[in-house]
Amino acid sequence: IRKASPMTTPRYRGMRGARMDRNPIALLVVVILFSIAPVTNAQVPQSPLLLEILDINLGLGEQIAGGFVGVGARAMGMGGAHVAAVNDGSALFWNPAALTRVRRTEFLGGLAQLKSSPTTTVDAGTQRTSEVSSSFTRLNSVVIAAPYPVYRGGMTFAFGATRPDDYAYRSLREGRIPFNGKQYDLDDSIRKEGGITQYAIGMGLEVSPSVSVGASFVWYRGTVDIRRDITFDEVTTSILPDELEGLYKENTTTSGFMTTLGATAKLPHDLTIGLVATPPVTYRIEGTWAQKYEEAIGEFVDDYPYEQYSTEYAIKAPWRIGTGFSWSTYALSISGDLWYQEWTQARYTDGSPFDEVAEINEDSYFEDRYDSAIRWHIGVEALIPWIGTMARAGYYSDPDPFAGPALESEDEDLVYNKGAGFVTLGLGWLIDDTVALDLAYITGGDEVSNWFVREERSTSRLISTIAFRF
C-alpha cells in the first residue's frame, strides 16, 4: 500500500505440536483492527496472514485535517474566538491584519502543557474498560512584533513560531472477544508523540482609520512517531492456543508552505469584524514504517522478522476560510468565530500512500471518506476592577472531518456518539502597562465508536503566555 510492499510469506516456519484444526483467526483480526483508529486517515499495509489489515498508519488525516490547539492564552481563554478580537503579536497566526493593533514593540512567548486521557471500552458481550494517560509540556508560541513608523495609519511587522498541532496520545484496548465459537483476549497499546511547528513572517497595514489588511507567510513542518504493540491470545485449555504478537512503528514528517490573508473592519457601536483566508496548500509527507509479527496457529509458528520501508507522497489541502466578530467596551468583550474547510476537495498529488494491493481509488479517497469541517468558537472577557484581573470563558467545537470507512467501501463508518467540544477558562493581568501575563485552561473531547469498540477521547491543556511591550 505504500510504495514498498513488505513480504507476504514468513522468513521462518516452525512446528510446535500436533496439528489442530486451522481457525480463520485472520478474520477476527480484521474485525478488531477496524475498530477505532487513533488517527483519522487509516491505510492498508500488506501484512502477514493474521494481520491482513492494520489501521494504525498515521497517514495524512491526523497531521493535517485536525488537531486544533490554538495560539496564546488570551485567545484560548476566550474559546479561540480571535479572528476579530486579537490584540497582540499572536495576530501573526490568527489574523495578520490585526497586527496593526500592536502599537509598541512586543515580545510574546508561551508554554502549553497537554494531557491526553482516552478511555476505551471493548464490549463484545463481556465489557471491559481501559484508561491510560500521557502528559507533555511544549512551546506554544514565540512572536516578536514591531510597528514601523508611517506618515498615516499604521504598519506592523512580526515573525515567530507556534505549534498549532501537538500529539500526546496513548491508547490501551483490552478485552475478551468471542469469535467463531472461541474467545480471544486482546491487548492493544498505542503510543503517539510529536507535533507540527509553523514558522511565520507577516505584516499588517492600516489602510484607513477603520480598515486593516495583512498577510503572513508560513513554513509548516513537523514529525510524528507512532508505536503499536498488539497481542491476541485464544482463551482455551488446549496446549496449542492460537496466538498473535505484533509490533508496528512509524515516523512521518510533513512539510509545506502556506500564505494567509486577513482583514479587519471597525463598525459602529463598538463592533469589529474579521476575515481570514488560506489558499490551497500542498503538503509533502515523507517517512518510514516498520513491522514484525509472530503468529501461531495450530501446530505452526510463523515468524515475520523486523522490516522497514519508506513512503513519500503529497496532498493538496482545500481552502480554509475563517470569519469572526468582536464587540468591546471598557470592561467587557464578546467574540465569536466560524471556520470552514471542505475536505472532500482535498486530493493526493505526486503519488499516494496506496498501491494496487490496497484496491483504493486515490482520486476519490477524500470525497468518499471525508466531510466538511465547520469549527465554531465563542468567548467572553470581563474586567474585574477591584482585583485588576481579566476573567475569560469560552467554548469551541472541533469536529473530525474523517467519516470513514477506514479502508474498503463496504466497511463500517465511524460513529461519533459525541461531537468534539471544549470548554475554556482564562485569567489575565497587566503589570505596569508593560508586562501582560495570561493563563488558560481547556478541557473536552469526543466519543467515537466502530464495531464493538468505543473510545472517549478526553484531553486538557494549560497554556501560559507572557508579553513584554517596550
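Numbering of residues begins at 1 and proceeds along the displayed sequence. Quick caveat: nothing in here was measured; it's all calculated off a predicted structure.
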Non-hydrogen side-chain atoms of [X] and [Y] separated by less than 4.5 Å:
X: Leu172; Y: Thr120; value: no
X: Ser171; Y: Glu455; value: yes
X: Ser216; Y: Phe93; value: no
X: Gln291; Y: Tyr304; value: no

When you check the gap from the basic side-chain N to the acidic O, do [X] and [Y] get nearer than 4.0 Å?
X: Glu367; Y: Arg347; answer: yes
X: Arg228; Y: Glu250; answer: no
X: Glu193; Y: Arg170; answer: yes

### Task
Hey, can you tell me if Tyr313 and Tyr348 have their rings parallel, tilted or perpendicular (30° and 60° cut-offs)?
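The arrangement is perpendicular - the two ring planes meet at more than 60°.
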### Query
Between atom CD1 of Ile442 and atom CE of Met76, what is the distance when rounded to the nearest 0.5 Å?
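Answer for the CD1-CE pair, Ile442 versus Met76, is 4.5 Å.
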### Task
Give, for atom CG of Asp302 and atom CD of Glu294, the distance between the pair rounded to the nearest 0.5 Å.
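The distance works out to 9.0 Å.
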### Query
Between Leu338 and Ile374, is a side-chain contact (heavy atoms from CB on, under 4.5 Å) present by the stated rule, with each step listed?
CA-CA 7 Å; Leu338 184 67; Ile374 300 176; 3.7 Å; yes
### Any residue meeting side-chain hydrogen bond (donor to acceptor under 3.5 Å, both in side chains) with Thr264, in chain and number order, not counting sequence neighbours
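Checked Thr264 against side-chain hydrogen bond (donor to acceptor under 3.5 Å, both in side chains); zero matches.
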### Query
side-chain contact (heavy atoms from CB on, under 4.5 Å) with Asp187: which of Asp229, Thr231, Ile230?
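Of the listed residues Asp229, Thr231, Ile230, the side-chain contact (heavy atoms from CB on, under 4.5 Å) partner of Asp187 is Thr231.
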### Atom of Ser90, atom of Leu108 and distance for their closest heavy-atom approach
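Shortest heavy-atom contact: N-CD1, 4.4 Å.
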#### Entry: ring-ring contact (aromatic ring centres under 6.0 Å, His included), paired with Trp376, selected from Trp339, Tyr395, Phe422
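By the ring-ring contact (aromatic ring centres under 6.0 Å, His included) criterion, Trp376 pairs with just one of Trp339, Tyr395, Phe422: Tyr395.
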